[in-house]
Amino acid sequence: MNLLIDLHMHTHASAHAYSSVFEYIMEAKRKNMLAIAITDHGPALDDSSHKWHFLNMNAIPELVDGLRILKGIEANIYKDSSIDCDNLMSEKLDFVMAGFHDAVYPPCSDVTKNTDCLMKVINHPSVKIIVHPGNPKFPVDYRAIATEAARNNVALEINSGSAVARKGSSANCREIIEEVKSAGGYVSVGSDAHYCSQMGNFDHALKLLEEQQFPEERVLNSSLMITLSFLEIKK
Ligand SMILES: [Zn+2]
Ligand SMILES: [Zn+2]
């Protein structure tokens, strides 16, 4: 599998990331990528951008020298299952991803509680991708999540950065891959780059997917056609 679309990366609009949009574009051209998505953290994290960052993303061209640039957000999930991306923001963006982050949803070992919360997020009208659901700090019922995600045209992410950033994710990701496969859903593969050279590095995620012979056509970012049609589906 050779993926030329990266749907998860952070610019220095999230202050704990260190590259600009322009640097990502240069890196994407160098790697012959077809499309990249700028997905900075939602405003609830202490070092994230103001919501105006997301409202004004159409300042970035849609196409630069043949490279498609998608505008997204990695929204934070609150304890009440709401997210820090309101309708005004989601309407301005190409797509919305959401996930658990310690500072907004404290790590919790209660599988039922986490699963109930994530089920509601999967049913949120603007959420298209659940990021790093394999994070061991937030265990969920993977079968329930994969079934609900497939039913709602929401993809579960296999985050390539988890190998380093979220130790202990691999076993959970294997389970997620199996469950998405049997539920007939989609996975999304993202680098979760916080520096431009990490963009397009999918080694860890691809190893897991290939080990389990996950069908390429069920990888959301395996072709631009699938990516665009999946993200345009209105619920
Ligand atoms: Zn994240
Ligand atoms: Zn991220």
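Whatever order the structure lists ligands and atoms in, that order sets their numbers, starting from 1.
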Please tell me whether F54 and Y78 are part of a single hydrophobic cluster in this structure, the criterion being side-chain heavy atoms less than 4.5 Å apart.
no
Test side chain to side chain contact (heavy atoms under 4.5 Å, CB included) applied to A149 - qualifying residues, sequence neighbours left out:
I122, V154, L156
Looking at F230, is K128 sitting on its ring face, NZ or CZ under 6.0 Å from the six-membered ring centre and within 45 degrees of the normal?
yes
Could you tell me whether K207 and E211 make a salt bridge, using a distance below 4.0 angstrom between a side-chain N and a carboxylate O?
yes
Does H194 bring an N, O or S atom to under 2.8 Å of the Zn ion (ligand 2)?
no
So, using side chain to side chain contact (heavy atoms under 4.5 Å, CB included) as the criterion, who are the partners of E27 when residues are at least two apart?
R30, K31, C196, S197, M199
Heteroatoms of the protein, restricted to N/O/S, which lie under 2.8 Å from the Zn ion (ligand 1)
E74 OE2, H101 NE2, H132 NE2
Those residues that, when tested against H132, pass ring pair (Phe, Tyr, Trp, His ring centres under 6.0 Å) (two or more places apart)
H101
